[in-house]
2 protein chains.
Amino acid sequence: MKYRNVINKILIGVFVVSGVLVGCGKQEETAMSTVKEFETVHWKMVTTWPKNFPGMGTGANKLAELITEMSGGRIQVKVYGAKELVPPFEIFDAVSRGTAEMGHGASYYWKGKSEAAQFFAAVPFGLTAQEMNAWLYQGGGMALWQEVYAPFGLVPTAAGNTGVQMGGWFNKEINSLADLKGLKMRIPGLGGEVLSRLGGTPVSLPGGEIFTSLQSGAIDATEWVGPYNDLAFGLHKAAKFYYYPGWHEPGTTLESFVNKQAFEALPEDLQAIVLNASRVANQDMLADFTARNNQALETLVKVHSVQLRKFPDEVLKQLRSISDEVVAEVAAKDPLSQKVYQSFKKFRDQVVEWHGVSEQAYLNARTL
Amino acid sequence: MKYRNVINKILIGVFVVSGVLVGCGKQEETAMSTVKEFETVHWKMVTTWPKNFPGMGTGANKLAELITEMSGGRIQVKVYGAKELVPPFEIFDAVSRGTAEMGHGASYYWKGKSEAAQFFAAVPFGLTAQEMNAWLYQGGGMALWQEVYAPFGLVPTAAGNTGVQMGGWFNKEINSLADLKGLKMRIPGLGGEVLSRLGGTPVSLPGGEIFTSLQSGAIDATEWVGPYNDLAFGLHKAAKFYYYPGWHEPGTTLESFVNKQAFEALPEDLQAIVLNASRVANQDMLADFTARNNQALETLVKVHSVQLRKFPDEVLKQLRSISDEVVAEVAAKDPLSQKVYQSFKKFRDQVVEWHGVSEQAYLNARTL
């Protein structure tokens, strides 16, 4: 082994001194060939978020730090914001082909690769954060996610959650289904499809264009994330708006994925560290959103006098009914999507019953 | 360094080859004194749970496995069930004095050490699992917990959560506060104190004696955990009973604590692994309970025809009002309890507002 090759390497595993050199004037112990070596790796993490974006972007940073910290520096992860290395919606391909070792985004961005991917991020009237984690980690969901990403040479993990996202900001009160007709709203994905079937016009806009579009009246309504991010964007200042609770993203799971070859090149302890760091990041982002949303909602209501409203029951029932149709249609597109949907649906039906007498019953009892 | 001292040691940190021996017939590279060494440690984890007890006991096992796995075997953790090494309610002292390096229990068992400890486990009408994690990890709760345990030389971590526990099994329907008068119920802790103020008689019984006490009529009612554990104990078979949602333990946090000296003897990467393994175990136990409770509730209702009921609103309002009194009295006992209570209460008040338009509003919209 050459000196230069050894520098910057880190030893792991059992260090066995298996011989003693003699005849050198004094005894010297040496590291022999049973030593397992692992070269420090430098990983790139590409993300769909603007660098340091509150919640998601800072969550990606946290994941990188956790991996470096727990690995004792054996894995160094450098985080790239959207567009720094590749455009945001090309991170899936970039990690798949090995341009970067890790990605951080949300699986519903990859429905063009597989419709089934959407079930691992957010489904209208689907699972909350706690329920998503239960399905993924203890209900068979993670094995299905791995199956969906395997053809792309990617190992997926859940690496964050926003909790229930807000339904959004509306320039008029929504008192009936008629008020959704003709409504031009920034709402992407499956939620947008539901709005469309109710006569609204879903619009796709990047986050940075929402404020000006609201202010100019180019759109009548928008969803974004929740009080923490919405306050940071100043959406309450765009115009006179009503703020409504959500239904379309009830516990959005963020993801991290790792290039399979890079992952398998790691020894087992480092593989465990990468997977478990994602679990910590997943939990930590939800805690972050919950604590920050608490404070931001208070500011929005008390300082900025934001008007909170609730959708009428009839509107919610119709949104739910059409959501179920839209989701079932996604599931019908291919056998793998159908397989994921059946697992998801069975879990949802069971957890609606259980949480009906636990989480939901308790939250309602607390506010009687 | 002696041969025997080196065997069974593991090297961590950067391995620097800083010299080359010459004059020995061939060049040999040697590990020099800059190598940081760490001897494999064997830790004992004492627990308050029967060995392999579903949920809590298996969660403790999982935590031990995670630490060993992520540390590449540098920390070996052996789990002891209740009474195997020390009695269940002596684990706090045992880890404090170093008889064992880790413990796994629930902080409300240690109110004799500090009244404040109860806030880190479960408070009637307090925080759910998601809310507890947000308070602990992002709302200042963990720093307070560390402050409460510091005088005992212990480093606390949250290491599990049951989610909302069921209100329990009752031999008659509870239609009014009058039905609680004279009720003899197995319910420990603060919940028991609340029942007592409403004219009931709280009883403390270990888990193993609940079934026979119900069957013999020695008690009229009991709480235990939730469908998963209640089904395993066969409580539905004890007599004709009604099953009620809970209010007294809305997201019971289980804990792990580490002897401070043992913790500080670890290098930084292993300290990070111990703390983060607890976070994964915390998340995993909640996922486990959520998934298993789903299935067990279905079995209880569909197979065993268990009768689910809800407490009338007036009963819940009174339980809440008295719970708030009892909790405020705990907080008044000493300045540290008051400090913890003020932080807890501020967080609860905020999150009641936020979850009122997110988690709670969504769960209600989903079941309209």
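First the proteins, then the strands, lettered A, B, ... as listed; each starts at 1. Just so it is clear, the model here is predicted, and its values are computed rather than measured.
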With a 4.5 Å limit on heavy-atom distance, are the side chains of [X] and [Y] in contact?
X	Y	value
B:Leu368	A:Arg320	no
B:Thr290	A:His355	yes
B:Ile273	A:Ile273	yes
A:Gln138	B:Asp284	yes

Of all the heavy-atom pairs spanning [X] and [Y], show the shortest one and how long it is.
X	Y	value
A:Trp247	B:Tyr362	O-CE1, 4.0 Å
A:Arg279	B:Val280	NE-CG1, 3.7 Å
B:Met166	A:Val357	SD-O, 3.9 Å

Under a 4.5 Å heavy-atom cutoff, which of [options] has the most pairs with chain A?
options	answer
B:Lys317, B:Gln360, B:Gln271	B:Gln360
B:Ala365, B:Ser71, B:Gly163, B:Gly139	B:Ala365
B:Glu298, B:Gln165, B:Lys310, B:Glu359	B:Glu359
B:Ala277, B:Gly226, B:Ser358	B:Ser358
B:Asn364, B:Val352, B:Thr367, B:Leu286	B:Asn364
B:Leu297, B:Leu316, B:Asn276, B:Asn282	B:Asn276

Query raised in the report: Tell me, side chain or backbone of B:Phe347 under 4.5 Å from chain A's heavy atoms, or both, or neither?
Result: both
Query - Which portion of B:Met132 sits near chain A, non-hydrogen atoms under 4.5 angstrom - result: neither
Counting only heavy atoms closer than 4.5 Å, note whether [X] contacts chain B via side chain, backbone, both or neither.
X	answer
A:Leu308	side chain
A:Leu66	side chain
A:Met70	both

Quick one: of [options], who has the most non-hydrogen atom pairs under 4.5 Å with chain B?
options	value
A:Trp135, A:Phe125, A:Trp354	A:Trp354
A:Gly126, A:Gly246, A:Ser323, A:Ala296	A:Gly126
A:Asp288, A:Thr68, A:Asn133, A:Thr128	A:Asp288
A:Ala287, A:Pro245, A:Gly356, A:Pro227	A:Ala287

Query raised in the report: Taking atom types as modelled, is there a side-chain donor on A:Asn294 or B:Glu353 under 3.5 Å from an acceptor on the other?
Result: no
Query raised in the report: So, B:Glu131 and A:Arg366, do they make that salt bridge, N to O below 4.0 Å?
Result: yes
